[in-house]
Structure formats: structure tokens, C-alpha cells
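We're numbering straight along the sequence, starting at 1. These numbers come from a predicted model, not from an experiment.
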Amino acid sequence: MRADFQPKPLKLLFERNNAWAAIMETTQLRDIEIEVVTKMLACGTTMMGFRQYCCENEDCAHQKLVCFTCKGRGCPSCGTKATDTWIDTNIMRLPDVEWQHGTFTMPDSLWLLFELNRWLLGKLFPFAADNLLYAAKKRGLTMGIFGALHTYGRKLNWNTHIHLSWTMGGINQNEKWKSMQFDLAKVRKRWMWNIRQYLLSVWGKIYLPESLQHIRDYDEWKRFILNAGKNAEGKDYWHVYFADPTSNAQKTAKYIGRYLKKPPVSGARLAHYDGGSRITLRFFDHNTGHYKNLDLTQKELILRLIKQIPEKHFRMIRYFGFWQIEWWENYSILLEKQWDNRHSKENVR
């Protein structure tokens with residue numbers, strides 16, 4: 001190794017001051033956190049294995065080692081490559097129609113429940129897509145939806161929310177494309193109802209955080225769940241946001257894709273890190289409309305990062321409607337016909 005070798009910013013964060021070793025000794029970690037970080041630190045080194053290339057000339061002693069990568073979700077290098085591949089692949093598949101993007105949030109009083117009971121997270125996808133699919137089905141349409149789970153906010157805190165993108169229409173029984181719009185109020189109402197009913201149904205099966213240990217029975221649990229997200233006037237402040245429709249989903253695919261496999265903080269934001277025990281990150285505060293500084297210790301930042309690592313085999317992105325794998329082969333043929341007919345009419349005009 002060269003004397004002037006400088007580890008990548010994220011590796012430097014974990015290695016300097018023996019921070020990761022100290023965390024492993026003093027902190028209870030999930031198995032997947034240890035596995036992902038271990039692979040990330042070994043990525044691109046001989047510890048991951050390597051391929052050795054030698055000159056065809058037997059008298060030449062020159063050789064080159066190409067080290068294997070970890071392909072882990074917590075690795076910035078591997079995550080960037082995997083994300084770019086996903087974006088490129090899916091942009092080619094996206095139907096050439098109007099798309100809309102939505103963000104489905106929940107009150108912060110519920111975030112910790114999903115962090116401590118991660119098996120709940122998979123249900124959030126169908127809960128968000130529920131009313132959209134229902135509205136399309138009532139009109140006899142099959143639409144397309146893809147969505148991603150995000151578990152962190154701009155301060156790298158745990159913040160459970162879903163991003164969905166959907167076609168502004170669908171294919172009917174006559175194999176014709178029909179446009180449609182969706183009612184934000186109804187979508188939001190169904191999202192809230194789904195989450196609340198699900199949390200009520202799992203009483204007695206979930207682990208309660210320390211802040212909720214005072215809840216002793218189902219009646220108290222029901223009161224807490226039904227009042228979660230209500231302001232002083234008793235109105236719900238669950239935020240569901242619909243962006244303006246776009247002519248295609250390329251921007252949305254790029255936006256969602258960049259969060260799928262990359263670490264929550266980019267190497268560029270850590271480029272100034274010099275190995276000290278404190279780190280300052282800038283973030284945009286939606287409440288004030290201004291940028292602020294987030295000052296964290298090295299350990300605090302590492303713990304915020306690793307808690308975002310999903311459980312093994314958990315799929316961070318899900319598909320619905322004609323985007324489901326088992327449906328896509330048949331519907332893709334119909335969609336191609338629709339786009340060919342559409343473009344032919346536009347050319348005639």
C-alpha cells in the first residue's frame with residue numbers, strides 16, 4: 001500500500017480513532033449491520049478475494065491483482081454502480097405516459113415502532129398503493145406503480161416514509177389506454193386508515209419503545225394509535241404529498257433510485273472529514289426554508305448510518321399493477337402497441 005494512500009471518506013469515518021471497533025465492543029448491533037460494514041471496509045482489498053493477472057512471457061515478473069468488491073448496500077462504490085444499473089434498466093421499461101410521484105409520511109410518534117419492529121415495514125408498500133389500485137380497478141383499468149421505502153430524513157434520523165410513482169391511467173379490457181386522476185384526500189384517508197388498523201391488529205406482538213412502556217392494555221394502545229398524528233384541534237396532520245404530473249417517470253426513477261442501494265450520506269458530504277471525533281453536515285430544513293448545520297460525534301454519525309441498513313433480503317422497492325414481474329411480460333406487449341399507435345397519430349398530425 002502506498003504511503004500517500006487515503007481511504008474513501010466513508011471508510012475513513014469508520015476506521016479512524018478505532019471508532020467501529022469500539023462500537024462493536026460497546027453497542028448491541030444487528031447481525032446485518034456487522035456484516036454490511038465488515039464487507040464495506042474490506043471492499044476492494046485482498047480480503048474480499050482477487051483475480052491475479054500475469055504476463056504471458058514467463059520471464060516477466062510483472063503481475064496485477066484485481067480485488068473483488070463487496071456488492072453491499074452500505075458501500076458507496078458498489079451502491080453507486082448498483083443504483084445506476086437499476087435506473088438505466090428501469091428507465092428503458094417506463095411507459096411513455098404521464099406519471100405522478102407521491103410521498104406518504106406518518107407522525108413521528110410512530111417512527112420508532114417501525115424501527116424496533118422492522119417486520120412491519122413490508123406492509124407500508126401495499127398500504128400506500130391501496131387506494132390508487134382501488135380507484136383504477138373501479139374504472140376497469142390496470143395501472144402501473146413502483147415505490148421505494150425511505151427510513152431516514154435530512155438529519156439522518158430514522159424517518160419512515162414511502163415514495164410511490166404511478167401512471168396517470170391504465171389499460172382497460174379492450175386493451176386501450178385510458179387516462180385518470182386520483183383524489184389526494186381519499187388516498188391520504190386510506191393510507192391513515194390502513195396504518196392505524198394494521199398497528200391495532202399487531203398489539204401484543206410488537207416491541208414497544210421505552211417511551212411507550214406505559215401502555216398496558218389494548219384500550220390504551222388503541223387510544224394512542226387513533227390519536228397519533230392529531231393536532232390540538234383534533235385534526236390529522238399526516239402528510240401525503242402529490243407532485244405535479246410529468247410526461248415521463250425518468251426524473252422520478254432517478255430520484256428514487258439514488259436512495260435504494262447507496263448509504264444515506266454521500267462521500268462528497270464527508271470529503272472534508274479529517275479523521276476527527278466530530279463531524280458537521282449541512283442539511284436543508286423544510287420547516288425554516290434554510291440550510292442548517294448538523295454537528296455530530298463520530299460515533300453518533302456511524303450509528304445513524306448503520307440503522308438505515310435494511311434487513312437481509314428485504315426488498316426496498318416494490319411493484320404493483322402491470323409492473324409486477326408476473327404481469328409485465330404480457331402487459332409490456334400491450335403497452336408497446338399503445339405507444340406505437342400514439343406516436344403514429346402524432347406523426348400524422
Side-chain angles (χ1 to χ4, degrees), residues 1 5-50 66-86 111-112 114-119 121 148-160 257-281 283 294-317:
M1 184 178 293
F5 173 77
Q6 181 74 2
K8 294 182 178 180
L10 194 61
K11 286 188 177 183
L12 186 66
L13 174 68
F14 280 78
E15 291 175 341
R16 283 295 173 88
N17 309 312
N18 291 319
W20 178 241
I23 288 174
M24 290 186 65
E25 291 180 359
T26 60
T27 308
Q28 184 175 356
L29 302 171
R30 294 179 293 140
D31 291 341
I32 190 63
E33 292 171 342
I34 297 174
E35 177 184 335
V36 168
V37 174
T38 300
K39 288 183 176 180
M40 182 269 293
L41 295 176
C43 184
T45 70
T46 54
M47 288 186 290
M48 290 298 300
F50 58 89
V66 178
C67 298
F68 298 149
T69 58
C70 67
K71 300 179 177 60
R73 293 183 176 185
C75 177
S77 300
C78 296
T80 298
K81 183 177 181 180
T83 297
D84 292 342
T85 300
W86 182 90
W111 292 348
L112 198 54
F114 287 90
E115 180 185 353
L116 298 179
N117 303 274
R118 293 177 183 246
W119 54 274
L121 292 170
L149 170 68
H150 288 182
T151 58
Y152 57 91
R154 293 180 180 269
K155 293 187 289 185
L156 304 180
N157 57 309
W158 183 274
N159 179 342
T160 314
R258 68 182 182 179
Y259 291 97
L260 293 181
K261 299 178 182 295
K262 294 181 181 180
V265 61
S266 66
R269 295 180 68 189
L270 294 174
H272 66 283
Y273 177 60
D274 59 2
S277 60
R278 301 197 69 83
I279 305 99
T280 300
L281 299 177
F283 70 96
L294 177 66
D295 189 32
L296 299 170
T297 66
Q298 186 181 9
K299 179 179 178 180
E300 287 172 341
L301 179 54
I302 290 175
L303 292 178
R304 291 196 184 196
L305 291 176
I306 63 174
K307 73 166 55 176
Q308 312 303 337
I309 298 173
E311 292 299 320
K312 202 165 190 174
H313 307 306
F314 183 85
R315 293 182 292 121
M316 296 293 287
I317 190 164

Donor-acceptor pairs are to be reported for all side-chain atoms of residues 32-43 against protein atoms at under 3.5 Å, with residues two or more places apart or in another chain.
unit_1: Glu33; atom_1: OE1; unit_2: Arg30; atom_2: N; d: 3.0
unit_1: Glu33; atom_1: OE2; unit_2: Arg30; atom_2: NE; d: 3.0
unit_1: Glu33; atom_1: OE2; unit_2: Arg30; atom_2: NH2; d: 3.1
unit_1: Glu35; atom_1: OE1; unit_2: Lys312; atom_2: NZ; d: 3.4
unit_1: Glu35; atom_1: OE2; unit_2: Lys39; atom_2: NZ; d: 3.3
unit_1: Glu35; atom_1: OE2; unit_2: Lys312; atom_2: NZ; d: 3.3
unit_1: Thr38; atom_1: OG1; unit_2: Ile34; atom_2: O; d: 2.6

Give, for atom [atom1] of [X] and atom [atom2] of [Y], the distance between the pair rounded to the nearest 0.5 Å.
X	Y	atom1	atom2	result
Leu301	Leu10	CG	CG	8.5 Å
Asn157	Leu294	CG	CG	9.0 Å
Ile23	Asn18	CD1	CG	11.0 Å
Ile302	Phe14	CD1	CZ	5.0 Å
Lys299	Thr27	NZ	OG1	4.0 Å
Gln308	Leu156	CD	CG	7.5 Å

Are [X] and [Y] side-chain neighbours, meaning at least one heavy-atom pair lies under 4.5 Å?
X	Y	value
Thr160	Glu115	no
Leu112	Trp158	no
Ile306	Trp20	yes

Working for side chain to side chain contact (heavy atoms under 4.5 Å, CB included), residues Leu29 and Met24: CA-CA 7 Å; Leu29 302 171; Met24 290 186 65; 4.0 Å; yes
Main-chain N/O of Ile279 paired to Gln298 side chain as donor or acceptor, under 3.5 Å: no
Just by modelled atom types, is the Tyr152 backbone N or O under 3.5 Å from a matching donor or acceptor in the Arg304 side chain? no
Minimal non-hydrogen separation, [X] against [Y], with atom names:
X	Y	result
Thr46	Cys67	N-SG, 3.6 Å
Glu300	Asp295	OE1-O, 4.5 Å
Gly153	Asn159	N-CB, 3.7 Å

